[in-house]
Amino acid sequence: MNKIEEKLLILPESWTWGTIYNIASLISGQHILKENYNLDALGIPYLTGPDDFGLKCPTISKWTEIPKAMAVQNDVLITVKGAGVGKVNVLDITRAAISRQLMAIRSENVNSIYLYYYFKFIFSYLQKLGAGSTVPGIDRESILALPVPIAPIHEQRRIVAKIDELFSRLDAGVEALQKAMAQLKRYRQAVLKAAIEGRLTEEWRKAHSEVEPAKTPLEQVEGLELPHSWKFVTLKSICIDITDGDHQAPPQSLVGIPFLVISNIRKGELDFSKTRFVPEEYYESIPTKRKPSKGDILYSLVGSYGIPIIVNTKREFCFQRHIGLIRPSDVVDTDYLFYFLKSNFAFRQATDAATGTAQLTVPLQGLRNFKVPFPPLAEQKTIVSEIERIFSHSESIESTCEINLSQADRMRQSILKRAFEGKLVPQDNSDEPASVLLERIKAGRIKDSPRRGRKSNNVHQMRLIQ
Amino acid sequence: MTDESTIVQRLWNYCNVLRDDGVSYGDYVEQLTYLLFLKMADEQTKPPFDKASIIPQGMDWQSLLSKDGAELEIHYRKILESLGKEPGMLGVIFRKSQNRIQDPAKLRRLVELINGETWMGLDVDIKGAIYEGLLEKNAEDVKGGAGQYFTPRSLIKAMVKVIKPKPGETIDDPAVGTGGFILASHDYLEKNYNLDKEQKKFLKLQTFKGKDIVDGVARLCAMNLYLHGIGGEESPIDVGDSLISDPGYRSDIVLTNPPFGKKSSVTIINGDGKADRETLTYNRQDFWATTSNKQLNFLQHVRTLLKINGRAAIVVPDNVLFEGGAGETVRRKLLQECDVHTLLRLPTGVFYAQGVKANVLFFDRKPASQNPWTEKLWIYDLRTNQHFTLKTNPLKFEDLQDFIKCYNPENRHQREESERFKAFSYDELIKRDKASLDIFWLKDESLEDSENLPEPDVLAAEIVESLETALEQFKSIYEGLGKERTES
């Protein structure tokens, strides 16, 4: 067995070390052929692997009338083969058949939820165990030899209650953080909506009322009412050019000028880390209006359409035909146009214009006719700075949430570590020491046939992953 | 005699004068309490009452009036100290009292202000309203943290309305704060029934009981009740820790809002549990679970306080509804042994405590039985897509009207489901992970990918709420870990 050198776990006096062999029986799963199980709830539930696992207890989707290896209620089920090695669940129904991917650990004298949490604690160790051997997976011998820190029986229950309590709060906290992050996305959209409807600059307009009033607007676009000094314009009217990438697939080369596809812009930024390349001569041959330059805006047109990116680099590159290139004229602020394109209002127009069944495509003509709420240039700049001020706050909140989410994960592990070091709940002097419990278990096993593998009953310290 | 509204105004104004002197609203209300009480006791010795003085001679209002300057301040302190040692109502009002008005001139001014009015003659409502008004202002004073003692009056009124107290029933609040539930119940009984002499006496002297762990708050409560005509020589308000033990008596009704927050110097253990050698412990054989969670303990305590078939309405935070461990034990037992029939999910922005998500749980205590008593839990969701704030958009009684209608106090066994009101069976509930009662079904607009995007500031408020909830949960975990840590 592979031993991984890690931190030692020091136990309180009333605890003792044991192994799975000492405290439980181990039932190996057995494979059932496809023709022998059904999806129609006939017979006994059959669990094939960790895909059937739920948060704590499995969900049933297969049954069999010819069960072989059986697990019963309160057994700890452990995945010993395949991708989910180390994952555990507790069986909450009367019984279920288990496949070879699983084993059932049946302990009578150690609280099964306690054991379940212990397996969750050593999950990465189990994963490594499963990866290390020549035949992937964990064998019976390794499971039986697993050291388990055993607390006095009453203390085990107290530990379980405390973990349940703390984990339920942790789950609630995580849920709240995830909710906050989802709300932040909506918040940003609400801000963009307010921006292009002129609501972010109400005060500014009051202070700058000398700016010239509206020219006749286009027809009122659904849902959007603009301030008087604004108007609707078409995208083409405020751009020098709107084109897309070469419709002929360009020649590829190993080096040269980067050739960007949708996956390089999906994150909302230009990602040069893994691009194809085209030869220099090909790049030179591209007409200027199709060559991206700093201050242009790229806009995805096919599949994951509607993603705008500002070209903020002088670096040379070109792109595929699924991406559009918008070259704003100097009547419009590039950043304002960018934020407009990010808004729901713009995206809706893209969706309305999109055609195709297999892959939705926004035609260039549709893009050119986008209706853009158009404030005076000075106001555009103010709007941009307002948006960026607000977004910088929301970004910092979002990254705090992400940090806290990963901290929550570590907190879970830290709670488990405390639990199994005996530091989560106080010891009680009147509890019977675990060593006595262990002796009792051993004495009770008179007729067990000799097993292969370790039978060591010595207390020993296990090197565990933190 | 000065106009009633003028005296109110003067008291308010003087409050601000003293505030500038460093006397907080809380301090002011306290001093007002002492002085008013002395004045009113004095008035009762004169016609038309002509009663014997309940204040020891030399410590009464007249003795204060005759003094000035430093002498006044010294004598005032003396009065406070000596009356604090008296039994009964006097003791509750004056226990551990201290003077906070250092400037004798200002103290004199206040004494004169109070002396200029006959308080016993004032309508009970006015007196009560003045005092309540000051208490409310005190609650708003966030620095003092007094908000935790103040449950919004609109919520209290709604809870009393659905609980429907009847004359002759006893009502208990083991976390009485400033007495909001008692006052509202008193009000309800007076307004909805034509009480005869006996019933009125019972209402004044025997209906109510309340307890609070903080001297200062119990004092305000006793005074608040007194000014509203509740209580006699003995105060219905007790000072102490409700959770320490079963008081022995039982009531028909319990209405209460236990304090939020986790700080507890005591871990309550049940019959099975073991003692932690380091902290003081109290044995509650009547409890189902051992926990240091104060709200869970109050829930168990409330059930003990009820007569068989008695009814309770208790404000609890979300934790009580979903927490694992002891929380699960308590919920399963409660559902089994009591009829837990209604749960009101309160909106945020209703209490003075930040980030608190709270609910009102209604249940009846039942006799022992093999079968579970809860058949259906009716949940009213007043939280999803509801936004209130303390100042600009506070929760009003009207906002709770639909809940009252759905509750159907006339006959709670004849209810109908609606958009915000749904029933869940006992079997459904106990099947849920940890028997969690934290149930929602309405779609949260702040998360929905719909066309109807709320305003940015509404969404920002929602984000803050989510973050506060997360923070509260994580904080409670740290507290939960820290408490149990043994020295190694």
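Proteins come first, then strands; the chains are lettered A, B, ... in the order of their sequence lines, and each starts at number 1. Quick caveat, the model's predicted, so the values are computed rather than measured.
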task: Measure the spacing between CG of Asp164(A) and CD of Glu328(B) and express it to the nearest 0.5 Å.
output: 6.5 Å

From Leu184(A) atom CG to Leu467(B) atom CG, the distance as rounded to the nearest 0.5 Å: 7.0 Å

message: When you compare the side chain of Ser168(A) with that of Asn319(B), does any pair of heavy atoms fall below 4.5 Å?
response: no

query: Do the side chain of Arg186(A) and the main chain of Leu459(B) share a donor and acceptor less than 3.5 angstrom apart?
result: no

- request: Provide the closest heavy-atom pair for Tyr187(A) versus Pro456(B) in the form atom of the first, atom of the second, distance.
  value: CE1-O, 3.3 Å

- request: Would you indicate whether Glu402(A), at its atom CD, is surrounded by more than 12 heavy atoms from other residues, nucleotides or ligands within a distance under 6.0 Å?
  value: yes

message: Once rounded to the nearest 0.5 Å, what's the spacing between atom OH of Tyr478(B) and atom CE of Met411(A)?
response: 4.0 Å

- request: Using the side-chain contact (heavy atoms from CB on, under 4.5 Å) rule, take Leu55(A) and Asp433(B) through it: C-alpha gap first, then chi angles, then the decisive distance, then the call.
  value: CA-CA 10 Å; Leu55(A) 273 175; Asp433(B) 182 35; 5.9 Å; no

field: Electrostatic pair Glu455(B)-Arg199(A), nearest N-O below 4.0 angstrom
entry: yes

field: chain B contact residues among residues 388-397 of chain A, heavy-atom distance under 4.5 Å
entry: Ile397(A)

Which portion of Ala194(A) sits near chain B, non-hydrogen atoms under 4.5 angstrom: side chain

- request: Report yes if some heavy atom in the side chain of Ile477(B) is under 4.5 Å from a heavy atom in the side chain of Ile415(A); otherwise report no.
  value: yes

query: What distance separates Ser292(B) OG from Glu165(A) CD, expressed to the nearest 0.5 Å?
result: 6.5 Å

- prompt: Hey, which of Cys57(A), Gly173(A), Ala182(A) has the most heavy atom pairs under 4.5 Å with chain B?
  reply: Gly173(A)

field: N-O pairing of Asp444(B) and Lys179(A) below 4.0 Å
entry: yes

task: Answer yes or no: does atom NZ of Lys56(A) have more than 12 heavy-atom neighbours from other residues, nucleotides or ligands under 6.0 Å?
output: yes

message: So for Phe474(B), is it side chain, backbone, both, or neither that comes closer than 4.5 Å to the heavy atoms of chain A?
response: side chain

